[in-house]
Amino acid sequence: MKKEDFDPKYDFKKIEKKWQKKWENAKIFEVKEEGKKKKFYVLEMFPYASGEGLHIGHTLNYTIGDIYARFKRMQGFSVLHPIGYDSFGLPAENAAIKIGEHPKKYTEKAILNYEKQLKSLGFSYDWRRKLSTHNKEYYKWNQFFFLKFLEKDLVYKKHSSVNWCPKCKTVLANEQVHNGKCEYHEGTEVEMKLLEQWFIKTTAYADELLDFVDDLNWPSKIKAMQKNWIGKSHGIDIDFEIKGEKWPVFTTRPDTIYGVTFMVISAQHSKLKEIVTKEQKKEVDKFLKKLKSVSEKELGDLEKEGVFTGSYSVNPINGEKIPVYAGNFVLADYGSGMVMAVPAHDQRDFEFAEKYNVPIKVVIEPKDFEIYERNGKLPRAYTGEGFLVNSGEFDGLESKKAIEKITKYFEKKKQGRKTIQYKLRDWLVSRQRYWGAPIPIVYCDKCGIVPVPEKDLPITLPMNIKFGKGNPLATNKKFLETKCPICKGKAKRETDTMDTFFDSSWYFLRYFDSKNNKKAFDKKKVKYWMPVDQYIGGAEHATMHLIYARFFIKALRDLGYVEFDEPFPNLFNQGMLHAKDGRKMSKSLGNVINPLEFIEKYSADSLRLSLMSFASPDSDTCWDEKVIVGSFKFLEKVYRHFMNFKSEKGDGIIEHKLNKTIKEVKEDIEKFKYNLAIIKIRELFSYLEEGVSKKDAETFLIMLHPFCPHVTEELWQKLGNKSFISLQKWPIADEKKINERFEKQEQELRKLIEDINKIAKLLKKKSKKDFVYTLPNEKQIYQKNSGEIKKRTGIDVEVYAVNDKDKYDPENKSKKVKPGRPGIYIE
RNA sequence: GCGGAGAUGCCGGAGUGGUCAAACGGGGCGCGCUCAAGACGCGUUAGCUUAGUGCUUACCUAGGUUCGAAUCCUAGUCUCCGCACCA
């Protein structure tokens, strides 16, 4: 056997490559289902395969996960820690349009790049299980599940509006719309267009999705966001009559019904045309044409605009005739897409009424203050509670009470129904794009909408396509033209592809079986590994991905594919790492940090350690190169120490410190307080430097290992170990050896040194020697530490007990002695 | 607009009723090592005061609860984040 050469210099490049290779060759991170060990599934949200490569946010995310995975593995769990790529999506398509590169090529290049980068960080993945969602072996199962959902009545088609660029002749994502203009054609206003699109009935599970939130061990802010997203509210549907037809309108404030002075129907409402009168058609069309994209983000600063439809409605409570407007601030998908507007008591309605000179009628007045200005005008809507006025028989009622009474009134007259409304909308999965999983549907003139039979899956994306004129699938004859599975006649394929959130809603199940071409996954394996024991990712997924995935699992459960309710019972959110200037890192600001650069310069271990040292992993922080320099210096110091390591016998303080650290580090890691764990490990090291046994030194390395896996493997081997430190047992604290007395002594010593330094400074002359007078039972401790005292004060020291007869004490300072606080005399 | 999070010393950040002038890291300053610099080691880093003491002012602002508040409550200011076709 060849003896290993150990470089006295910390040559991290060599070390890191060496261990990455050894881990790979020994397959130590590959796991399978087995009975002996308890399983533990650590999962980080998989990356979107962008051409930009791994950024620092990914690095942070995956480092947090890897530390946890390594920690759990050392605790004796069978840890599944997989990685894959979310590889369908818009950016690949943009690249195709901008630089003419095929999305597949672009994506696969990106994946190769990611893989190299991930490996250079030393993550302990089971690489055999990797997956990419753009592979047909993967998206075949997307199509399969889509069909299953269709069978279960969880899929339907409906008209919905999209952003349309008349120059591109294509649908634009919200992101591609800038100030209402197309990102490719600056002078072109984006229009709204109604298209028939595929929806998934996520609302069928609204209640369950909401109820289960409480049981999840998730950050409370994410739970709050989910609850708000689902947005259950109690209210009433009130029937308003327009053109002889009943229009139910949802409101949570029936108490303001007498204050309704107009109605607003969403400009995107599919039945808007039915309301518009001949006289107003031109006006309405003009308005619709200039309507901009309506993402809810912009809804806030959107100028509220509308146009009279020509129709009137009747207020069912008092028979008043009220005008109906079409407006840009009403959501078509929420409630019935129409609102009763009460300008006196809703700010949006108020702004609209002021702008279009619609009357404002106050029907709620608070008891203890005046809502009007001196001139009798209402400065803004009053949205609080109060007492009803101008409300007929309900006058004087308190608003809460009035809600009850008026609801009852309508129910009795059969003009209204108590309802529960969710903000959660059904999931629009249609995308008019190429780079996604084709929706497995065929349109036949005779048979109508026909699902593709399972045996014909996957419907593969054609590779030979042209970009530039709308969705390339729609212009690709080979793809488009097909036979009807039923009548075998001519038919056309659906050209919409699936939202990439469909891909990411079940990828965590595919890892168990990523090569299985008979099934999406093996039910037994799912049963073994699921649920994910620890999910880790950014808060940007608080709602969408995490709602869709939760929905997906519930739907799969009811289809009999899985047997659990929630995929991610435990979730951790990492914070955002901002650039040094405190702003978000972005290419356009030029403040992006490339992790590879720092791996090159300071090592992957230093980068990992520094990322965890900035702050608690869940808080937002700013990047600063100084931190990684500090981490690097620490590792250098550790490396040097172990290169010259000699085993020595440790004392009680070391035992105490070691066991206390073991105990606290475990707790800190479990709570993801990695920053605190690192502080304690670093502190422990300063004790080790004074000499410890080999075993204690090894324990230190084991605790440092999850953070800095490469250098700890190297030093572990240097100490003469043949096995991997990656597979060592996590130490267990011996609580009996933890003795807080040592901690107190430590503090007292520090205080003494501080005092000596303080006095020495006050003396304003060079001190020659100091004399320390202690209680008799403390003398030994201070005597033992006299070397330390000298080192840290720079002055020779002599320790006496107060009762020593021959002590030198010219100023009688020994009378100042207190327990834990010796007297001091300096000359 | 709706919803969420946060504000701590020169900086980054721990701390969430007393043990707090507040961990740890960075920076500054001083000292040691050295021919010298870097590296390294040690000390120090709110103010006044004092041979190691005592006092004052301090954890966004203003009130409040309490014997006691960085920590709990109320109001306000500011910052950041999410909002459904980016993923």
Side-chain angles (χ1 to χ4, degrees), chain A residues 45-50 86 88-91 94 160 162-163 171-177 197 202 219-225 227-229 231 293 295-302 304 329 331 333 347-348 351 423-433 499-501 503-504 538-545 547-548 575-576 578 582-584 610 613-616 618-624 626-627 629-631 633-634 636-637 640 673 675-676 678-680 682-683 747 751-763 791-794 811 813 816 821-826:
Chain A
M45 292 175 184
F46 67 167
Y48 170 70
S50 140
D86 189 13
F88 267 143
L90 189 63
N94 281 341
S160 180
V162 292
N163 304 309
V171 175
L172 297 180
N174 283 344
E175 197 189 48
Q176 298 175 295
V177 182
Q197 309 194 66
T202 41
S220 53
K221 66 168 183 173
I222 304 295
K223 296 206 314 195
M225 279 191 199
K227 282 191 176 176
N228 185 251
W229 187 263
S293 126
S295 80
E296 268 164 65
K297 201 188 305 192
E298 294 158 345
L299 213 59
D301 16 80
L302 190 75
K304 281 148 203 69
F329 63 102
L331 296 171
D333 310 295
Q347 190 58 27
R348 285 161 303 178
E351 286 168 29
K423 260 202 293 205
L424 182 74
R425 311 205 282 264
D426 281 337
W427 178 9
L428 169 59
V429 286
S430 281
R431 296 290 182 273
Q432 293 69 38
R433 311 210 158 268
D499 176 9
T500 56
F501 277 117
D503 310 347
S504 56
E540 68 273 22
H541 294 293
T543 44
M544 308 177 60
H545 163 60
I547 290 268
Y548 295 137
M576 282 250 284
H578 295 279
R583 291 184 295 182
K584 224 173 164 169
S610 66
S613 303
F614 276 103
S616 174
D618 59 357
S619 62
D620 297 347
T621 36
C622 300
W623 169 263
D624 189 339
K626 278 176 198 147
V627 179
V629 175
S631 298
K633 281 186 189 166
F634 173 69
E636 243 186 345
K637 200 159 67 169
R640 265 202 313 270
K673 292 280 181 188
N675 56 328
L676 300 183
I678 289 167
I679 286 168
K680 286 161 193 167
R682 288 181 74 150
E683 224 171 288
Q747 242 175 43
K751 184 73 189 151
L752 176 70
I753 288 164
E754 215 174 275
D755 287 345
I756 293 173
N757 282 327
K758 213 171 198 176
I759 300 165
K761 205 171 165 187
L762 285 170
L763 282 180
K791 187 177 157 199
R792 287 164 65 177
T793 57
E811 288 187 18
K813 295 290 184 192
K816 283 204 159 194
R821 194 103 197 247
I824 302 163
Y825 173 68
I826 300 181

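Each chain gets a letter, A, B and so on, in the order the sequences are listed, and its residues count up from 1. Small disclaimer: the values here were computed from a predicted structure and weren't measured. The figures that follow rest on heavy atoms only: side chains count, while hydrogens, waters and symmetry mates do not.
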Closest to the [X] side chain: [options]?
X	options	answer
N228(A)	G4(B), C2(B), C85(B)	C2(B)
M225(A)	U44(B), G3(B), A87(B)	G3(B)
P91(A)	A84(B), C86(B), G4(B)	C86(B)
K791(A)	G3(B), C80(B), C42(B)	C42(B)
I759(A)	C83(B), A51(B), U44(B)	A51(B)
T621(A)	G13(B), U44(B), A87(B)	G13(B)
I753(A)	G43(B), G4(B), A51(B)	G43(B)

What is the distance, rounded to the nearest whole Å, between atom [atom1] of [X] and atom [atom2] of [N]?
X	N	atom1	atom2	result
D426(A)	A84(B)	CG	C1'	12 Å
N757(A)	C29(B)	CG	C1'	15 Å
E540(A)	C80(B)	CD	C1'	14 Å
Y548(A)	A87(B)	OH	P	11 Å
K423(A)	G1(B)	NZ	C1'	10 Å
K816(A)	G54(B)	NZ	C1'	11 Å
M576(A)	G6(B)	CE	C1'	13 Å
K227(A)	C2(B)	NZ	C1'	17 Å

For [X], report the nucleic acid contact type (base, sugar-phosphate, nothing); a contact means any heavy atom under 4.0 Å.
X	result
I826(A)	base
A224(A)	sugar-phosphate
P822(A)	base
G231(A)	nothing
W427(A)	nothing
I824(A)	base
L424(A)	base
I678(A)	nothing
G89(A)	sugar-phosphate
E754(A)	sugar-phosphate

Considering only atom [atom1], compute the distance from [N] to [M] and round it to an integer number of Å.
N	M	atom1	answer
A84(B)	G13(B)	C1'	35 Å
C86(B)	U16(B)	P	41 Å
C59(B)	A22(B)	C1'	8 Å
A46(B)	G28(B)	C1'	15 Å
U45(B)	G25(B)	C1'	15 Å
G18(B)	C11(B)	P	26 Å
G1(B)	U56(B)	P	46 Å
G12(B)	G3(B)	C1'	29 Å

**Nearest non-hydrogen partners of L331(A) and R425(A), listed with the distance** =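 Smallest interatomic distance, heavy atoms only, reads CD1-NH1, 4.2 Å.
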**Request:** Begin from the C-alpha positions of N757(A) and R792(A) and carry the test side chain to side chain contact (heavy atoms under 4.5 Å, CB included) through to its verdict.
**Result:** CA-CA 9 Å; N757(A) 282 327; R792(A) 287 164 65 177; 5.8 Å; no
**Request:** Would you mind building the protein contact string for nucleotides 14-28 of chain B? One character per nucleotide, 5' to 3', B for base within reach (heavy atoms under 4.0 Å), S for sugar-phosphate only, - for untouched.
**Result:** SS-------BS-S--
Does [N] have OP1 or OP2 under 4.0 Å away from a side-chain N or O of [X]?
X	N	value
R792(A)	G43(B)	yes
K637(A)	G41(B)	yes
R425(A)	A84(B)	no

**Prompt:** Going by heavy atoms in the side chains, are K423(A) and N228(A) under 4.5 Å from each other?
**Reply:**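 Sidechains of N228(A) and K423(A): in contact.
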**F614(A) vs S220(A), nearer the 5' end of RNA chain B by closest nucleotide** =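 Between the two, 5'-proximity favours S220(A).
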**Request:** Report the residue (S613(A) or A539(A)) whose heavy-atom-nearest nucleotide on RNA chain B is the more 5′ of the two.
**Result:**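 Going by which nucleotide is closer to the 5' end, it is S613(A).
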Donor-acceptor pair, side chain of [X] and main chain of [Y], under 3.5 angstrom:
X	Y	result
S616(A)	N675(A)	no
D620(A)	M576(A)	yes
R433(A)	V171(A)	yes

Sort out the partner of [N] for me: Watson-Crick or G-U wobble, both distances under 3.5 Å, none otherwise.
N	value
G32(B)	C40(B)
C86(B)	none
U77(B)	A7(B)
U50(B)	none
U65(B)	none

**Request:** Kindly determine whether T202(A) and I547(A) satisfy side chain to side chain contact (heavy atoms under 4.5 Å, CB included), including the steps that lead there.
**Result:** CA-CA 9 Å; T202(A) 41; I547(A) 290 268; 5.5 Å; no
**Prompt:** According to the interplanar angle, ranging from 0 to 90°, do the rings of W427(A) and Y548(A) count as parallel (below 30°), tilted (30 to 60°) or perpendicular (above 60°)?
**Reply:**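 Parallel, since the angle between the ring planes stays under 30°.
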**Prompt:** When you look at CZ of R682(A), are more than 12 heavy atoms from neighbouring residues, nucleotides or ligands closer to it than 6.0 Å?
**Reply:**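 Enclosed.
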**Prompt:** Given T500(A) and L90(A), is the side chain to side chain contact (heavy atoms under 4.5 Å, CB included) satisfied, shown in steps?
**Reply:** CA-CA 9 Å; T500(A) 56; L90(A) 189 63; over 6 Å; no
**Request:** Check the pair F501(A), H545(A) against side chain to side chain contact (heavy atoms under 4.5 Å, CB included), reporting the backbone distance first and the verdict last.
**Result:** CA-CA 6 Å; F501(A) 277 117; H545(A) 163 60; 3.7 Å; yes
**Message:** Within this structure, what is the OG-CZ distance for the pair S631(A) and F614(A), rounded to the nearest 0.5 Å?
**Reply:**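 Between atom OG of S631(A) and atom CZ of F614(A) there are 8.0 Å.
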**Request:** Look at the side chain of Q197(A) against the base of C85(B) and say whether a donor-acceptor pair falls under 3.5 Å; ignore hydrogens and angles.
**Result:**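 Pair found.
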